[in-house]
Amino acid sequence: LISGFLFAEVCPAVPRTEFADVTAEMYPVGTKLYYECDNGYMRRGGQYPGIQCQSTQQVASWLYKEFECIDKKILLSMAPTMDLDVTQKPERKPQSPAPQKRENLSEFDQKDFCGPPKTIPHASLSMKKQYYVGQVLHFKCQSGYDKRSPTSGTRMCKKVNGKIIWTPLNLRCTNDS
């Protein structure tokens with residue numbers, strides 16, 4: 001049973017805010033995020049980088065697939081003379097999911113929003129610029145660009161009179177140059 005999953009309403013592009021970092025603590029059901037390996041690392045072949053927030057049995061949670069980023073230098077040094085020793089398996093530390101902050105979510109939020117996704121070593125998360133109604137984004141001025149108050153704020157994607165909009169952001173990050 002996937003509720004609200006197929007009918008999630010897409011938000012318009014987020015208006016650009018110069019010199020600000022954007023984060024989110026909760027994601028509506030239907031949201032897709034993608035892991036990208038950091039510079040110097042490559043995704044293990046055949047693995048899919050996407051994850052999706054879905055509601056199963058009235059609880060929203062991330063659907064993960066196996067994903068790992070490997071040091072390019074190790075891959076390249078192993079490539080020409082790779083011996084397969086099936087008795088030795090590489091040591092893998094189990095991934096612990098990021099805290100889901102469930103204790104302060106209401107009953108409504110638990111089935112409609114996922115908490116922060118788990119972190120993967122040497123990878124960062126990106127969103128292919130697709131947000132859904134209900135998404136709240138947190139903006140914070142990058143260090144060195146916070147000369148004027150306020151230096152942080154939020155925007156929410158919501159439906160107003162049948163039109164999907166982002167709420168205004170009272171934030172201006174400047175370096176005064």
Using 0.5 Å steps for rounding, measure from the [atom1] atom of [X] to the [atom2] atom of [Y].
X: Trp166; Y: Gln135; atom1: CH2; atom2: CD; answer: 6.0 Å
X: Met26; Y: Cys114; atom1: CE; atom2: SG; answer: 10.5 Å
X: Trp62; Y: Gln52; atom1: CH2; atom2: CD; answer: 8.5 Å
X: Lys140; Y: Phe19; atom1: NZ; atom2: CZ; answer: 16.0 Å
X: Asp21; Y: Ser152; atom1: CG; atom2: OG; answer: 12.0 Å

Identify the two heavy atoms, one from [X] and one from [Y], that lie closest to each other, and give their separation to 0.1 Å.
X: Leu125; Y: Pro117; value: CD1-CG, 3.2 Å
X: Glu68; Y: Gln47; value: N-OE1, 2.7 Å
X: Gly50; Y: Lys65; value: O-CG, 4.5 Å
X: Tyr132; Y: Val10; value: CE2-CG2, 3.8 Å
X: Pro150; Y: Asn170; value: CG-O, 2.8 Å
X: Phe67; Y: Ala123; value: CE2-CB, 4.3 Å

- With Leu169, the side chain to side chain contact (heavy atoms under 4.5 Å, CB included) member among Val14, Leu137, Thr17: Thr17

- Message: Looking at Asp112, is its backbone amide N or carbonyl O close enough to the side chain of Ser55 to form a donor-acceptor pair, meaning the two atoms are under 3.5 Å apart?
- Response: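 Pair absent, no side-chain N/O of Ser55 close to backbone of Asp112.
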
- Keeping the roles fixed (side chain from Arg43, backbone from Cys69), state whether a donor-acceptor pair exists under 3.5 Å. no

[X]-[Y] co-clustered via ILVMFWY side chain contacts under 4.5 Å:
X: Val136; Y: Phe139; answer: no
X: Val133; Y: Met156; answer: no
X: Ile120; Y: Tyr64; answer: yes

- Message: Can you list everything that forms a salt bridge (charged side-chain N to carboxylate O under 4.0 Å, His left out) with Lys158? Sequence neighbours excluded, please.
- Response: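 Here no residue qualifies.
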
All N/O donor-acceptor pairs, side-chain side in residues 32-39, below 3.5 Å, sequence neighbours left out:
residue: Tyr35; atom: OH; partner: Lys118; partner atom: O; Å: 2.7
residue: Glu36; atom: OE2; partner: Ser126; partner atom: OG; Å: 3.1

- Would you please test Ile70 and Met42 for side-chain contact (heavy atoms from CB on, under 4.5 Å) and show each step? CA-CA 5 Å; Ile70 304 164; Met42 288 175 60; 5.6 Å; no

- Audit row: Leu171, Cys141, side-chain contact (heavy atoms from CB on, under 4.5 Å) steps and yes/no: CA-CA 8 Å; Leu171 169 72; Cys141 289; 3.7 Å; yes

